[in-house]
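My questions will all concern the structure given below.
This is a predicted model, so every value here is computed, not measured. Chain naming here is simple, since letters A, B, ... match the order of the sequence lines and numbering starts at 1 in each.
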There are 2 protein chains.
Amino acid sequence: MAKSTKENRKEEILEAGLEVFAEKGYYNATTAQVAEKAAISQPYVFRFFKTKEELFIAALDRAFERILQTFKNVEAKPYQLVAKMIEAYEELSELHPNEIAVQVIGVSVTEKPIQDIAKKGLSQIRRYTLERFKAAGVKDAEREASTFLARGMLCNISYFLDLPELIDGKGK
Amino acid sequence: MAKSTKENRKEEILEAGLEVFAEKGYYNATTAQVAEKAAISQPYVFRFFKTKEELFIAALDRAFERILQTFKNVEAKPYQLVAKMIEAYEELSELHPNEIAVQVIGVSVTEKPIQDIAKKGLSQIRRYTLERFKAAGVKDAEREASTFLARGMLCNISYFLDLPELIDGKGK
DNA sequence: TATTTTTGTAATTGATTAATCACTAAATTT
DNA sequence: AAATTTAGTGATTAATCAATTACAAAAATA
């Protein structure tokens with residue numbers, strides 16, 4: 001059985017944070033709830049993250065990092081690239097639903113340092129997708145990339161609000 | 001010069017609320033800031049809206065109501081329907097930027113009564129758009145409607161985050 | 001085994017803010 | 001002009017919570 005190292009503890013708290021933030025949002029989540037989920041005392045959270053904001057940033061950053069990495073791992077022949085990327089996204093959102101929720105939440109938080117992470121995340125995804133589309137010879141790559149991003153965000157929202165009707169069931 | 005009737009006052013507070021919420025988000029907006037912008041005392045806000053939540057709901061509801069109405073007012077021949085609707089949306093977002101911001105904010109607030117308004121608003125827009133597209137004989141109307149909604153939401157986010165690069169400059 | 005470092009908690013604080021209360025002045029009605 | 005309703009404010013409260021402090025026990029080290 002693995003011993004609870006320092007990094008290990010930090011990871012547990014981050015994971016607890018993801019859960020609580022996903023459920024309650026940034027402002028309604030309390031550090032006490034995070035602590036409880038991580039099975040430690042409330043003040044101990046601050047030994048690993050200086051502020052609640054810093055903890056949320058770590059969570060948001062992970063969410064964006066993972067989705068970008070997921071896209072980078074997609075291998076596909078040009079003609080099936082878009083389909084494969086959608087597939088990768090769908091897989092990820094089943095595997096890490098909390099990270100999806102945190103993305104939605106992060107976008108409308110007004111604290112500057114958090115907003116900056118959200119901006120960076122969205123920018124990177126958009127940039128990477130565009131490059132990939134271009135390289136695959138996708139027609140009208142600019143538009144396809146922003147539509148791809150847009151539909152992805154709407155999926156996230158639809159998941160977060162529990163409003164499945166927002167997206168069309170049967171894909172094109 | 002128009003006298004300040006009761007309805008008039010309520011309207012002023014709602015307008016002030018829209019401004020403050022758009023700038024600070026739901027949780028960071030204080031009723032004192034709303035009051036200041038409306039040039040009244042903080043407690044007086046509560047004579048018109050029982051709670052801060054109720055004020056936000058009124059603001060969010062107005063935002064969704066306006067966008068739906070805007071779409072309903074669009075007249076266009078079938079082949080130019082989509083273009084006209086995009087045009088209408090763009091006009092509206094220049095005319096009422098605060099309502100756009102409030103839509104983004106409303107989507108990730110976790111208070112149930114607020115979330116319900118957001119769900120209703122999105123649902124209605126999606127439903128109406130779909131009907132309209134179908135009636136105009138748009139091919140693959142389901143998909144076009146959700147793409148339309150998705151791109152609209154991404155526009156809102158891109159506006160709220162001040163991240164214009166998210167959407168492709170030159171429309172197709 | 002004495003000392004220091006690490007891991008952890010209980011108790012407290014300090015700031016914030018929605019909402020209420022207690023009240024006054026001005027209109028309006030009788 | 002007395003009585004009542006309407007419009008409005010200053011002061012207060014009650015709750016919440018992020019963050020700090022002060023401490024204790026266990027582990028590691030000398």
Taking CZ from B/Phe49 and P from C/dT20, how many angstroms apart are they, rounded to a whole number?
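Roughly 16 Å, once rounded to whole Å.
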If we ignore angles and hydrogens, is there a donor and acceptor under 3.5 Å between the side chains of A/Gln115 and A/Thr110?
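Side chains of A/Gln115 and A/Thr110: no pair found under 3.5 Å.
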Length of the CZ-C1' vector between B/Phe46 and C/dA19, whole Å
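That distance rounds to 5 Å.
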When you measure from every atom of DNA chain D, which of residues 15-38 of chain B have a heavy atom less than 4.0 Å away?
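None, since no heavy atom is under 4.0 Å.
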Rounded to the nearest angstrom, tell me the gap between atom NZ in B/Lys10 and atom P in D/dT6.
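In whole Å, D/dT6 P and B/Lys10 NZ are 16 Å from each other.
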For DNA chain D, which residues of residues 103-110 of chain A approach it to below 4.0 angstrom with any heavy atom?
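Hits under 4.0 Å, by residue number: none.
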What is the distance, rounded to the nearest whole Å, between atom CD of A/Gln42 and atom P of D/dC17?
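From A/Gln42 CD to D/dC17 P: 11 Å.
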If the condition is side chain to side chain donor-acceptor pair (under 3.5 Å), which residues does A/Glu11 pass it with, not counting sequence neighbours?
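By the side chain to side chain donor-acceptor pair (under 3.5 Å) rule, A/Glu11 matches A/Arg62.
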B/Phe160: what forms a ring-ring contact (aromatic ring centres under 6.0 Å, His included) with it, not counting sequence neighbours?
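Checked B/Phe160 against ring-ring contact (aromatic ring centres under 6.0 Å, His included); zero matches.
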My understanding is that only residues two or more places apart in sequence, or in another chain, count here; which of them pass ring-ring contact (aromatic ring centres under 6.0 Å, His included) with A/Phe48?
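ring-ring contact (aromatic ring centres under 6.0 Å, His included) list for A/Phe48, sorted by chain: A/Tyr44.
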Salt bridge (charged side-chain N to carboxylate O under 4.0 Å, His left out) contacts touching residues 87-107 of chain B (sequence neighbours left out)
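Applying salt bridge (charged side-chain N to carboxylate O under 4.0 Å, His left out) to every pair that reaches into residues 87-107 of chain B, excluding sequence neighbours, yields B/Arg66-B/Glu99.
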So which pairs with a foot in residues 78-112 of chain B pass ring pair (Phe, Tyr, Trp, His ring centres under 6.0 Å), sequence neighbours left out?
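Pairs touching residues 78-112 of chain B that pass the test: none.
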Checking ring-ring contact (aromatic ring centres under 6.0 Å, His included) against A/Phe56, which of A/Tyr27, A/Phe21, A/Phe49 comes through?
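Of all the options given, the one that passes is A/Phe21.
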Lys/Arg-Asp/Glu bridge criterion (N-O < 4.0 Å) met for B/Arg126, B/Glu142:
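Salt bridge flag = yes for B/Glu142 with B/Arg126.
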Length of the CZ-C1' vector between A/Phe48 and C/dT7, whole Å:
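Answer to the nearest Å: 8 Å.
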Can you list the residues that meet the ring-ring contact (aromatic ring centres under 6.0 Å, His included) rule with A/Phe46, with sequence neighbours excluded?
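Partners of A/Phe46 under the ring-ring contact (aromatic ring centres under 6.0 Å, His included) test: none.
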Taking atom types as modelled, find out whether A/Asn28 and B/Glu111 have a side-chain donor-acceptor pair closer than 3.5 angstrom.
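Side-chain D/A pair, A/Asn28 to B/Glu111: present.
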How does protein reach along nucleotides 21-26 of chain C, written 5' to 3' as B (base within reach of a heavy atom under 4.0 Å), S (only sugar-phosphate), or - (no contact)?
------
Polar atoms only, N or O, under 3.5 Å: list the protein pairs with nucleotides 4-6 of chain C and their distances.
none

Please tell me which of A/Ser41 and B/Glu53 maps to the more 5' nucleotide of DNA chain C, matching each residue to the nucleotide holding its nearest heavy atom.
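Taking each residue's closest nucleotide, the earlier one in sequence belongs to A/Ser41.
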Run the salt-bridge test on A/Glu144 and A/Arg132 with the 4.0 Å N-O cut-off and return the result as yes or no.
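Answer for the salt bridge query: no.
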Flag the pair B/Lys112 and B/Asp116 as a salt bridge only when some basic side-chain nitrogen lies within less than 4.0 angstrom of an acidic carboxylate oxygen.
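Yes.
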With B/Lys37, which residues qualify under salt bridge (Lys or Arg N to Asp or Glu O under 4.0 Å), at least two apart?
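Salt bridge (Lys or Arg N to Asp or Glu O under 4.0 Å) check on B/Lys37 returns B/Glu19.
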Whole angstroms only, please: what is the CD-C1' distance between B/Glu12 and D/dA7?
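One finds 13 Å between C1' of D/dA7 and CD of B/Glu12, rounded.
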Between D/dT9 atom C1' and B/Arg9 atom CZ, what is the distance in whole Å?
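My rounded result for the distance is 12 Å.
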Is any side-chain N or O of B/Tyr44 closer than 4.0 Å to OP1 or OP2 of D/dG8?
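Checking D/dG8 against B/Tyr44, a side-chain N or O does come within under 4.0 Å of OP1 or OP2.
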Check the distance between C/dG8's P and A/Asn8's CG and give it to me in whole angstrom.
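These atoms are roughly 10 Å apart.
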Does A/Phe133 have any ring-ring contact (aromatic ring centres under 6.0 Å, His included) partners at least two apart in sequence or in another chain, and if so, which?
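Partners of A/Phe133 by the ring-ring contact (aromatic ring centres under 6.0 Å, His included) criterion, ordered by chain and then number, come out as A/Phe148.
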